[in-house]
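Contents: one structure, followed by commentary.
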Amino acid sequence: MIVDHLAVLAPGLLGASVARAARAKGLARRITLWARRPETRDALRDQPWCDAVTDSPELAVRDANLVVLAAPVERIIELAALIAPHLPADAVVTDVGSVKGELCRKVSAALPAHGPVFIGAHPMAGGAHTGWEHATDDLFAKRVCFVTPLADAPAAALDLVTAFWRGTGAEVVTTTPEEHDKIVAHISHLPQTMATALAGFLATRPGDWRHLAGNGLRDTTRIAASDATMWIEIFQQNRTEVVRALDGCLTELQALRDNIAARDWEDIRARLTAGKNWRDGFKP
């Protein structure tokens, strides 16, 4: 599958990695970028993995076959409304947003009827550093990418988006936007809340304690260093499912606490064993 013209809007780590992967793997004949900041646009013009950088998103998508919206979740909806009148009638739009239910509905509603089609996507990829400067052409290799079409999505558009993400090296999982939000609330958003809560609690203890810890604490709290603004937007968009996941986890944590207080070592062993078995089940 080769796209004639790929446009990536607001390329940070994910968006720029999309462009780099498309160039490295021959997924697009022409790649156009748009970034909000003029200084970013100037820097991107020197990159060999794009063919053009425009000064407006409207110009970037003017004759694009596939458009990737790589902005933060709230901005994705705004961008979709902005570019909608300028998209070719046969264009397909996708994104990299980490919440899908409300986003898929609003972006699809912003596009002209019987025209461009939106197929949501969420690559489960990232890195310790944000920004387009840290992008790589293999960021999505062997990573899951959710593709979340609405019920009435045309098969041809779904096939295009699926083929594109597979071309980047991702393992595509197709599901509904609602099921996606339920899944990621448990496997992505919940871990963020737990790491943040643990780091926040330990921040109330003597400051030098952190320097006495082994790698376990570093591993457990690594994602607590994530960008606060990004996560507030995610929690806002997926609040209901995150609260449900937290309720379930708090029940488990309370049970473990009660077992320790009651010296119920057999139940604790069962919980430890179940946790170990689950963790050992990760793919290599």
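Using modelled atom types, no side-chain atom of D138 and backbone atom of A141 make a donor-acceptor pair closer than 3.5 Å. Checked by atom type and distance alone, the side chain of T204 pairs as donor or acceptor with a backbone atom of F201 at under 3.5 Å.
Shown here for A60 and T54, the closest heavy-atom pair between the two residues is CB-OG1, 3.3 Å. Counting all heavy atoms, side chain and backbone alike, V184 lies closest to S98 at CG2-O, 3.9 Å. Closest of all the heavy-atom pairs between A43 and W132 is CB-CZ2, 3.6 Å. Minimum interatomic distance between M124 and I187 (heavy atoms only, all atoms of both residues): CE-CD1, 4.0 Å. Nearest heavy-atom pair across V99 and H189 is CG2-CE1, 4.1 Å. Closest heavy-atom contact between D227 and M230: OD2-N, 2.8 Å.
Around CZ of R271, the count of heavy atoms belonging to other residues, nucleotides or ligands within 6.0 Å exceeds 12. Counting non-hydrogen atoms of other residues, nucleotides and ligands closer than 6.0 Å to CZ of R45 gives a total above 12. Heavy atoms of other residues, nucleotides or ligands lying less than 6.0 angstrom from NZ of K25 number more than 12.
Note: I260 CD1 to I268 CD1 = 5.0 Å, rounded to the nearest 0.5 Å. Expressed to the nearest 0.5 Å, how far CE of M194 lies from OG1 of T221 amounts to 13.0 Å.
A salt bridge does not link R23 to D137: none of the charged nitrogens lies less than 4.0 Å from a carboxylate oxygen. Note on D95 versus K100: salt bridge recorded, some NZ/NE/NH1/NH2 to OD/OE distance being below 4.0 Å. In summary, D247 and R244 do not engage in a salt bridge, as defined by a charged side-chain N under 4.0 Å from a carboxylate O. A salt bridge does not link E233 to R75: none of the charged nitrogens lies less than 4.0 Å from a carboxylate oxygen.
Residues L103 and L69 fall within the same hydrophobic cluster, defined by Ile, Leu, Val, Met, Phe, Trp and Tyr side chains chained together at heavy-atom separations under 4.5 Å. L139 and V68 fall within a single hydrophobic cluster, where Ile, Leu, Val, Met, Phe, Trp and Tyr are joined by side-chain heavy atoms under 4.5 Å apart, directly or via other members.
Taking the side chain as every heavy atom from C-beta outward, V242 and T193 approach each other to under 4.5 Å. Looking at W34 and L79, their side chains come closer than 4.5 Å, going by heavy atoms from C-beta outward. Annotation: side chain of R20 is not in contact with side chain of T136 (no heavy-atom distance under 4.5 Å). Between Q237 and E74 the shortest side-chain heavy-atom distance falls below 4.5 Å. Side-chain contact check for L202 versus L217: some heavy-atom pair is nearer than 4.5 Å. When side chains are defined from C-beta on, V92 does not count as touching F164, because their heavy atoms never get closer than 4.5 Å. By the 4.5 Å heavy-atom criterion applied to side chains, V93 and V61 are not counted as neighbours. Looking at F146 and T175, their side chains come closer than 4.5 Å, going by heavy atoms from C-beta outward.
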(request) Kindly determine whether H122 and T148 satisfy side-chain hydrogen bond (donor to acceptor under 3.5 Å, both in side chains), including the steps that lead there. (result) CA-CA 8 Å; H122 175 204; T148 60; over 6 Å; no
Side-chain donor-acceptor pairs under 3.5 Å in residues 275-284, sequence neighbours left out?
from	atom 1	to	atom 2	distance (Å)
K276	NZ	D280	OD2	2.8
N277	ND2	T273	O	3.3

